[in-house]
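Worksheet: the structure to be examined is printed underneath.
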Amino acid sequence: MKIGNQYYQSIWIDETDPSIIKVIDQQKLPFFFEIKDLRSVDDVYSAITDMTVRGAPLIGATGAFGIYLATLEITPQTIIREHLSNAARYLISSRPTAVNLSWAINYVLEKLKSEKSSASLAKTAMAAAVQICEMEKDNCRQIGKHGLKLIETISRKKRGKPVNILTHCNAGWLACIDYGTVTAPIYLAHEKGIPVHVWVDETRPRNQGAKLTAYELGQNGIPYTLIPDNSGGYLMQQKQVDIVIVGSDRTTRTGDVANKTGTYLKALAAFDNKIPFYCALPSSSIDFSISDGVKEIIIEERDPDEVKFVTGLAEGKIQSVRICPEDTVAANYGFDVTPARFVTGLITEKGICKATEKDIKEMFSYKFN
Ligand code: MRU
């Protein structure tokens, strides 16, 4: 996507020094646009844990580049297979919920199986990481085309009045290398001249909605309104929401969807108000090995300080302020699981399907065993 007149992906290889991976520092947005260099496996681990990079597809791509950087750390003394599997384990441990991370890392490791020299390992790992970025970009483009049909149908029914879409967190181009999953259909609708308006959940505690989704939509001229996380139910009752579209960090083979904490409550409110609730996700976010999201998906627990403090711009600097008594005990569960029965459908790169094992299997039969 463009920032001003300049095209950016949210991750890329330095043009002059291919041993450096460049990322947009999402901790600084929307206040400062800064690019960070990742030069080592440790840099990649830190960037994922501190959320310099975040969003399921981007976490996956960054992990894949982490394996590439691990190949550059090989010396004549290195026991190569041990070194790579240690790097993989370490990187996979950086964030537990988004399945894209282990998927992407294992994808690169698989490609490296028949390589022996450090030069060929590095070349193959780099190619595999770039391929993952291209696949995710293409997935978003396809999700955009499929999701557009839903928006077009609502727009026709509303005789051209703006289609009100509610989203949670950030499943935009920053999270997905380019285009975004949730945002791709919205950008396409806007390009086609279909009036759209997005209700952006602020997404406490880290406010990815307020900071990132609002920034992206604003940069692309999409009308949006920022709302507190708890307003969605009221807006649905008032018929101010036509469709909810959210992303996913891990979806089971049966259609249970893990996404940013608070998503489940939006799904319940949508269900009660008979509002379609869709999840836009690439197949790299589907964990085909599990069936029960509530029991089997590991929910990341993050630093309670993210709840106790709010971070924003004050006097030209990014600052945090405490919003509760100093000795408050806080809990910070990063994600929740929306059971498939509350999901109207999944918008994937292969098309839209129901959130059921049967329909997911029909669409992705080659991934089932
Ligand atoms: O904790 P984050 O910011 O990495 O969580 C991101 C989300 O929950 C997104 O909505 C989700 O990753 C989908 S990304 C396309």
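Hydrogens, waters and symmetry mates are skipped; everything else that's a heavy atom, side chains included, is used. First listed ligand is number 1; within each ligand, the first listed atom is number 1.
Qualifying side-chain hydrogen bond (donor to acceptor under 3.5 Å, both in side chains) partners for Asp359, counting only residues two or more places apart in sequence or in other chains: Thr356. By the ring-ring contact (aromatic ring centres under 6.0 Å, His included) test, Tyr224 pairs with no residue at all, sequence neighbours left out.
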Identify all side-chain donor-acceptor contacts of residues 289-296 below 3.5 Å with residues at least two apart in sequence or on another chain.
residue : atom : partner : partner atom : Å
Ser289  : OG   : Asp287  : OD1          : 2.6
Asp292  : OD1  : Val294  : N            : 3.2
Asp292  : OD1  : Lys295  : N            : 3.1
Glu296  : OE1  : Ser291  : N            : 3.1
Glu296  : OE1  : Asp292  : N            : 2.7

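For Phe277 and Phe342, the ring centers sit 6.0 Å or farther from each other.
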Provide, line by line, the atom pairs where ligand 1 and the protein bring an N/O atom each to a distance under 3.5 Å; else say none.
residue  : atom   : partner : partner atom : Å
ligand 1 : 1 (O)  : Arg95   : NH1          : 3.4
ligand 1 : 1 (O)  : Arg95   : NH2          : 2.7
ligand 1 : 1 (O)  : Lys260  : NZ           : 2.7
ligand 1 : 3 (O)  : Arg54   : NE           : 2.8
ligand 1 : 3 (O)  : Arg54   : NH2          : 3.1
ligand 1 : 3 (O)  : Gln208  : NE2          : 2.9
ligand 1 : 4 (O)  : Gly55   : N            : 2.9
ligand 1 : 4 (O)  : Arg95   : NH1          : 2.8
ligand 1 : 8 (O)  : Asp249  : OD1          : 3.1
ligand 1 : 8 (O)  : Asn259  : OD1          : 3.3
ligand 1 : 8 (O)  : Lys260  : N            : 3.3
ligand 1 : 10 (O) : Asn259  : OD1          : 3.1
ligand 1 : 12 (O) : Ala56   : N            : 3.2
ligand 1 : 12 (O) : Asp249  : OD1          : 3.1
ligand 1 : 12 (O) : Asp249  : OD2          : 2.9

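A salt bridge links Glu134 to Lys137: one of the charged nitrogens lies within less than 4.0 Å of a carboxylate oxygen.
A cation-pi contact, defined as under 6.0 Å to the ring centre and within 45° of the axis, is absent between Lys2 and Tyr8.
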